[in-house]
Peer 1: 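Pasting in a structure now, in structure tokens, and then I'll have a few things to ask.
Chain letters run A, B, ... following the sequence lines, proteins first and then strands; every chain starts at 1. Just so we're clear, the structure is a prediction, and the values are computed from it rather than from any experiment.
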Amino acid sequence: MSSSSTTTTTTRLLMLKASDGVTFEVEEAVATKLGAINNMVEEEGSEDLICLPNVNGKFLGMVLEWCKKHANNNTNSDKGNDEVNKWWDKEFVMDLDQNTLYHLLMAADYLSGTELVDLLTEKVASMIRGKKVEEIRETFKIKSDFLPGQEEEIRKKNSWAFE
Amino acid sequence: MTCLSYNLTFYVAHVKTVSFCWNLSRNGESLCHFPKEVMMEEIMSRVPADSLVQFKCVNKLWYALISALINGPAFVAKQLHNSKNKSSPLYSPSPSVDHRLITLPLLTLFNYVDDNNRYISVKEDLNVPHLQNENFGANWSKEFSQNQRMLERMRIPVREFGYDSRAKDYKLVAIWRLPIGVAKVEVYTLRSGSWREINISLDSSENIKGYAHLDGLSWRGVCYWILQSFSDDNVILCFNICDEDFHIIPLPNLEDISRFICVFQRE
């Protein structure tokens, strides 16, 4: 911190440009939480401007918010950090609606944010885990397209799961 | 019934060949967008086995997707791993989950007697051969073909089913008691899709033969049977699914007490 020149040489800033033209200026250490960005940055002579035509600005912003939090928390080598991250992750996914969750998951997958994908798939799983068939249909607005009798047959064949 | 099988087979083929539809509900905009196939696999691997099997009833697409997934050893291994791993911050086990399913993942194999009083095997999730298959134990059947009654009895071997967590494969073990006083054991693995005979020690063979009835269960990679004898002490016969070998657990003599084998589940 004593010398400003040190800070500027170690902290590279990247410009990430979303599909809708929105740009984000982020520290390299934050953006490289995403595998896809990390690969691009590691290439020699890589530019600081990275275009991401498959991600909308809204969701890229959210992904980067997650990256920032995790990059910051990881710099402290505190024991309680894991707990902080977990708590923060829980808050992050708590009120996501289905639409946002879907696009966020797509963005995280596209950017190879493995940890974030894990978090989001777990969130989706938690939405369906332990639910009844009717509740799944209700939640995701799915209509049954079985012919009469087919569903009963599947239930009968798998009766152990419905006990 | 044939109609159903045909349709569902078609849908399974459909899911495998065509890249998975991005929206499982397919009607309207405000609906859930379910992610692409790879991610569906990731999500479904975090759902307990009984829920997964129930979800086959949601619609044809879910049926096809889940049926295809749970026939894949890699998915089953992942599901098993996830169901054991409770460190996830969002994990909250439902009290209704039957923990048996953790060790018997995605298993549907049971027998019942149909109208003609024949034993039939019901398969749904896993492609396990029907036990009434003519080829099953065919070599030994030939050997004793002159004895029709013996042959009929042999068609219903003692069998148990389990998951080999090391090889990440399902195995079906069948014990045949032959009239010449020996026992033979065959193992079917889901991945190979075939039967093979395994060698068993003389001791195990001694223990198996001569018992009229064997009742068993499969738990955490080991199959157990109570061997009920009219004269000697009873024993529990164990078969390790990974190692494919037998062990004996002695039991005290419990005359006149009906006995069965079960798993006592502690939370």
Peer 1: So, do B/Met39 and A/Met106 sit near enough that their side-chain heavy atoms are less than 4.5 Å apart?
Peer 2: yes
Peer 1: Does B/Met44 reach the side chain of A/Ile128, with side-chain heavy atoms less than 4.5 Å apart?
Peer 2: yes
Peer 1: How close do B/Val58 and A/Phe146 get, counting heavy atoms only, and between which atoms?
Peer 2: C-CE1, 4.1 Å
Peer 1: CE/A/Met127 to CD1/B/Ile43 distance, rounded to the nearest 0.5 angstrom?
Peer 2: 9.5 Å
Peer 1: Roughly how far, to the nearest 0.5 Å, is the CH2 atom of B/Trp62 from the CD1 atom of A/Ile142?
Peer 2: 5.0 Å
Peer 1: Over all heavy atoms of both residues, which pair between A/Gly130 and B/Ser51 is shortest? Give the atoms and the distance, please.
Peer 2: N-OG, 3.3 Å
Peer 1: Which heavy atom in A/Thr121 sits nearest to a heavy atom in B/Arg46, and how many Å separate them?
Peer 2: OG1-NE, 3.4 Å
Peer 1: For A/Asp118, is it the side chain, the backbone, both, or neither that has a heavy atom closer than 4.5 Å to a heavy atom of chain B?
Peer 2: both
Peer 1: Nearest 0.5 angstrom please: B/Asn59 CG to A/Arg137 CZ, how far?
Peer 2: 7.5 Å
Peer 1: Around atom CD of A/Glu135, are there more than 12 heavy atoms of other residues, nucleotides or ligands at under 6.0 Å?
Peer 2: yes
Peer 1: CD of B/Glu42 to CG of A/Leu105: how many Å apart, nearest 0.5 Å?
Peer 2: 9.5 Å
Peer 1: Would you compute the distance between atom NZ of B/Lys56 and atom CD of A/Glu151 and round it to the nearest 0.5 angstrom?
Peer 2: 12.5 Å
Peer 1: Show me the donor-acceptor pairs within less than 3.5 Å that the side chains of residues 51-59 of chain A make with the rest of the protein, sequence neighbours left out.
Peer 2:
{"from": "A/Asn56", "atom 1": "OD1", "to": "A/Lys58", "atom 2": "N", "distance (Å)": "2.8"}

Peer 1: More than 12 non-hydrogen atoms from neighbouring residues, nucleotides or ligands closer than 6.0 Å to CD on A/Glu138, yes or no?
Peer 2: no
Peer 1: Give, for atom CD1 of A/Ile154 and atom OH of B/Tyr63, the distance between the pair rounded to the nearest 0.5 Å.
Peer 2: 5.0 Å
Peer 1: Is it true that atom NZ of A/Lys131 has more than 12 heavy atoms of other residues, nucleotides or ligands lying nearer than 6.0 Å?
Peer 2: yes
